[in-house]
Amino acid sequence: MTDIATRLAAIRARIEDATARAGRPPGSVTLVAVSKTHPQDAVVAALAAGQTVFGENRVQEAQSKFPGLRAAHPALRLHIIGGLQTNKARDAVRVADVIETIDRPKLATAIAEAMAKEGRRPDCLVQVNTGDETQKSGVPRAEADAFIRAAREEHGLPVTGLMCIPPVDADPRPHFAYLRELAGRHGLAVLSMGMSGDFEAAIAEGATHVRVGTAIFGHRETPA
Ligand SMILES: *Cc1c(COP(=O)(O)O)cnc(C)c1O
């Protein structure tokens, strides 16, 4: 597990370098450590190395790993970063501090109802399918403006920003730039973009949150 501390330190250094190269203030990028498929021990090792913000893409897995750690680690923040079924909305609202994957009216309705029932309002990000890929979650580009407005005004969700996962084989930079412009139009401060392979490019384009899994925890044995 000392590997995790070493890798975390290396990623933090690369984030700070990329932030400085972009002419942005130190500390303006938050590292979301994506612990999906890795055991709770890996999260504990990261916490011991000073990491407080984590990402999981499955609600059930998040429920099995995180609630038990909160008492000892009050600074812990959990982001749900995977596609959500509406029947998981209530569990997501219970376990998450940030839900990054709001992408359709039905889900927005379910999350708003779950927030009312639970009396808990995690921050929400709208996930945008910047590549308009058929298999991918996220709101299509053409619907993004209208959906962001509806999520805030009609559904009353606390939307603080946007999230994207660019197509695997494309240059991610135009996708990151597009997301930044879209967020700017809506006065949204949070930009969750960039993963192990492209977080430096994302920082150059304005990412406030980078989601890094493999480069910290190593390769995943089971597909996520
Ligand atoms: C798994 C995952 C990541 C982390 O990807 P790595 O390439 O392992 O850094 C980031 N974002 C989302 C939405 C993911 O599902």
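Each ligand, and each atom within it, is numbered from 1 in the order the structure gives.
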Quiz prompt | Qualifying residue for side chain to side chain contact (heavy atoms under 4.5 Å, CB included) with Ile165, from Glu133, His175, Arg211 | solution = Arg211
Quiz prompt | Lys36/Glu61 salt bridge by N-O under 4.0 Å criterion | solution = no
Practice problem: List every atom of ligand 1 that sits less than 4.0 Å from any heavy atom of Arg211, numbering the atoms from 1 in the order shown and giving each element. | Solution: 4 (C), 9 (O), 10 (C), 11 (N), 12 (C), 13 (C)
Quiz prompt | Ile165 neighbourhood, listing ligand 1 atoms whose heavy-atom distance to it stays under 4.0 Å | solution = 13 (C)
Self-check item: Ligand-residue contact atoms, ligand 1 with Val212, heavy atoms, under 4.0 Å
Solution: 9 (O)
Quiz item: In terms of atom number and element, which parts of ligand 1 are under 4.0 angstrom from non-hydrogen atoms of Thr214?
Solution: 6 (P), 7 (O), 8 (O), 9 (O)
Practice problem: Check whether any side-chain heavy atom of Val190 sits under 4.5 Å from a side-chain heavy atom of Leu162, and report yes or no. | Solution: no
Practice problem: Compute the shortest N/O to N/O distance between Gly213 and ligand 1 and return yes if it is under 3.5 Å, no if not. | Solution: yes
Quiz item: For ligand 1, is any non-hydrogen atom under 4.0 Å from Glu100's backbone (N, CA, C, O), its side chain (CB onward), both, or neither?
Solution: neither
Practice problem: Enumerate the atoms of ligand 1 whose separation from the nearest heavy atom of Ile81 is less than 4.0 angstrom. | Solution: 11 (N), 12 (C), 13 (C), 14 (C)
Quiz prompt | Non-neighbouring partners of Lys88 that pass salt bridge (Lys or Arg N to Asp or Glu O under 4.0 Å), sequence neighbours left out | solution = none
Quiz item: With respect to Val29, which candidate in Thr208, Ile15, Leu191 satisfies the side chain to side chain contact (heavy atoms under 4.5 Å, CB included) definition?
Solution: Ile15
Residues 97-107, side-chain donor-acceptor partners within the protein, below 3.5 Å, at least two apart:
unit_1, atom_1, unit_2, atom_2, d
Asp97, OD1, Arg120, NH2, 3.4
Asp97, OD2, Arg70, NH1, 3.1
Asp97, OD2, Arg70, NH2, 3.0
Asp97, OD2, Leu78, N, 2.7
Glu100, OE1, Ser192, OG, 2.7
Glu100, OE2, His79, ND1, 2.7
Thr101, OG1, Gly82, O, 2.9
Asp103, OD2, Gly138, N, 3.0
Arg104, NH1, Leu84, O, 3.4
Arg104, NH2, Leu84, O, 2.8

